[in-house]
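Worksheet: the structure to be examined is printed underneath.
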Amino acid sequence: MNPTILVTGGTGFIGSHTTVLLQEAGFQVLILDNLSNSDAQVTQAIATITGQSPQFIAGDIRDEALLTRIFAENNIQAVVHFAGLKAVGESVAEPLLYYDNNIHGTNTLLRAMKKAAVKTLLFSSSATVYGEPQALPLTERHPLSSTNPYGHSKLVIEQMLGYVFQSDPQWRICNLRYFNPVGAHPSGLIGESPRGIPNNLMPYIMQVAAGQRPKLQVFGDDYPTPDGTGVRDYIHVMDLAAGHLAALQRLLNPTAQTSVQTPGELLNVNLGTGRGYSVLEMIAAAEKATGRPIPYDICPRRPGDVASCWASTDYATHVLNWRAERGLEQMCADAWRYTQKQQG
Ligand code: NAD
Ligand code: UD1
């Protein structure tokens, strides 16, 4: 049996781009996704890009019998765990959904991994685990907190993984704390297609540029930032995917960093660019990339938003030998290409 990487949530936004890079690096990929927020046709788009279709199983990470079968029938080397729900507002309205899907789902996955003695895991965490930034840039040593059930679920999972590692130091785990992933594969064949009204800035801007929505609401222009609008560390999804590849290669090739006494490791690594852009800067960049106006209204602040958030990238560079390479222009151009292809 060929060594295979199990990618949960692999038909989703970040999972699909990471699958492309994993396949291009020579890994066999098996995607497990319940399609609650993605489409099975993404596997065909991945095959068009890479020339190779990933294996795909439509199923849920909370289905322990299914997971047990997957581990028994395949030679899984490592798991890249994207599957989860991610809408902050929805998590406030339906917290139990998030505890079930994200926390119970991850617990079920970890049980199946333990049973199968597969102990190498990349986990999709988020900069949301830093809560309200006390100092910028955010380093991995910044205190952790959460302000909503989505963020709480990420924090609890990081803590669970800490205790799993403590109980058995053979585990090799990397929590990747994403900042604001945007953009799309340069082919325009895969990208971010949120269902319903987008919660996040970039997909909303793209829908306005495409004429699908009349105007953007800018949530607050009275923050202590240069132009008063919120500042975030937007990172191209292909750079993010490359960060996963670097992390996986490190976890699978431990010899350089570890000894016989400490065979495993638990890492927390930011994936960001280290620089922030305001909402108004994002609008200007998108207008340039799309050649379309992005009308907007200044509206009240969105509850729970922080003024500014950007990453320290030093540790990622040191530990993964990785850094983001793509700039804002490319993020907007690639997102726009994908949006236009979706429109047909
Ligand atoms: P996404 O919704 O596009 O992808 C998640 C995928 O997981 C979807 O395809 C969905 O169908 C699947 N899924 C959800 N619950 C499942 C379950 N119980 N069993 C099997 N499949 C399930 O989201 P994304 O943007 O690609 O995010 C991937 C991960 O990264 C998530 O865990 C998210 O919380 C995390 N994250 C995302 C962002 C972001 O801005 N996109 C930021 C920080 C962290
Ligand atoms: C949000 C989540 C975060 C999650 C991330 C990825 C909140 C409070 N935080 O991050 O936990 O990890 O998405 O899913 O929801 N903005 C507008 N108008 C819009 C949309 C956004 O002005 O229609 C502004 C926001 O106020 C913010 C910036 O754009 O200043 C980025 O917003 P968004 O894309 O939602 O990302 P975050 O809030 O950083």
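Whatever order the structure lists them in is the order used to number ligands and atoms, beginning at 1. These figures come from a predicted structure and were not determined experimentally.
Each of the following atoms of ligand 2 lies closer than 4.0 Å to a heavy atom of Asn180: 36 (O), 37 (P), 39 (O). Of all atoms in ligand 2, listed by their number and element, those nearer than 4.0 Å to a heavy atom of Leu216 are 23 (O). Against a heavy-atom cut-off of under 4.0 Å, Val218 is close to the following atoms of ligand 2: 22 (O). Ligand-side atoms of ligand 2 in range of Thr128: 11 (O), range being under 4.0 angstrom from any heavy atom. Below 4.0 Å from some heavy atom of Arg232 lie the following atoms of ligand 2, by number and element: 27 (C), 30 (O), 31 (C), 37 (P), 38 (O), 39 (O). Within the listing of ligand 2, atoms 20 (C), 35 (O) sit less than 4.0 angstrom from a heavy atom of Asn199.
In terms of protein heavy-atom proximity, atom 15 (N) of ligand 1 is nearest to Asn101 ND2, 3.0 Å. In this structure, the protein non-hydrogen atom closest to atom 10 (C) of ligand 1 is Asp33 OD1, 3.4 Å. Closest to atom 34 (O) of ligand 1 among all protein heavy atoms lies Tyr150 OH, 2.9 Å. Remark: minimum distance from atom 3 (O) of ligand 1 to any protein heavy atom is reached at Phe13 N, 2.8 Å. Of all protein heavy atoms, the one closest to atom 2 (O) of ligand 1 is Asn37 ND2, 2.7 Å. Protein heavy atom closest to atom 29 (C) of ligand 1, with residue, atom name and distance, is Phe82 O, 3.2 Å.
Proximity of Val88 to ligand 2, defined as any heavy-atom pair under 4.0 Å, is confined to the side chain (atoms from C-beta onward). When heavy-atom distances to ligand 1 are checked against a 4.0 Å cut-off, Arg62 comes that close only through its side chain, counted from C-beta outward. For Thr8, no heavy-atom contact with ligand 1 is shorter than 4.0 Å. Here Ala127 has no heavy atoms under 4.0 Å from ligand 1, in either its backbone or its side chain. In Phe13, neither the side chain nor the backbone holds a heavy atom less than 4.0 Å from any atom of ligand 2. In Gln217, the part holding a heavy atom less than 4.0 Å from any atom of ligand 2 is the backbone. Neither the backbone nor the side chain of Tyr178 has a heavy atom within less than 4.0 Å of ligand 2.
For the pair Ile103 and Tyr98, the minimum side-chain heavy-atom distance is 4.5 Å or more. Residues Ile31 and Thr11 are in side-chain contact: their nearest non-hydrogen atoms beyond the backbone lie under 4.5 Å apart. Taking the side chain as every heavy atom from C-beta outward, Tyr234 and Met331 approach each other to under 4.5 Å. In this structure, Leu201 and Leu216 have side chains that are in contact, with non-hydrogen atoms separated by less than 4.5 Å. Looking at heavy atoms from C-beta onward, Gln28 lies out of side-chain contact with Leu22 at the 4.5 angstrom threshold.
Looking at ligand 2, you'll find an N or O of Ser126 within less than 3.5 Å of one of its N or O atoms. Ligand 2 has no nitrogen or oxygen under 3.5 angstrom from a nitrogen or oxygen of Gly304. Residue contacts with ligand 2: Val231 is placed with no nitrogen or oxygen under 3.5 Å of a nitrogen or oxygen of the ligand (distance criterion only).
Heavy atoms of Ile61 come nearer than 4.0 angstrom to ligand 1 in at least one pair. Residue-ligand proximity: Gly151 is placed with every non-hydrogen atom at 4.0 Å or more from ligand 2. Taking a 4.0 Å cut-off on heavy atoms, Ser125 registers as neighbouring ligand 1. Under a 4.0 angstrom heavy-atom cut-off, Gly105 registers as lying outside contact with ligand 1. For Gly59, the heavy-atom gap to ligand 1 drops under 4.0 angstrom.
Taking only non-hydrogen atoms, the option from Asp305, Val279, Asn200, Val129 nearest to atom 6 (C) of ligand 2 is Asn200. Between Tyr296, Phe219, Tyr223, it is Phe219 that holds the heavy atom closest to atom 22 (O) of ligand 2. Among Thr147, Asp297, Leu201, Ile283, the residue whose heavy atom lies closest to atom 34 (O) of ligand 2 is Leu201.
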ring-ring contact (aromatic ring centres under 6.0 Å, His included), that's the test. Do His17 and Phe82 meet it? Break it down for me.
CA-CA 12 Å; His17 292 79; Phe82 296 102; over 10 Å; no
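In this model, no donor atom of one side chain and acceptor atom of the other lie less than 3.5 Å apart for Tyr338 and His185. One side chain, Glu158 or Ser125, offers a donor N or O that lies under 3.5 Å from an acceptor on the other.
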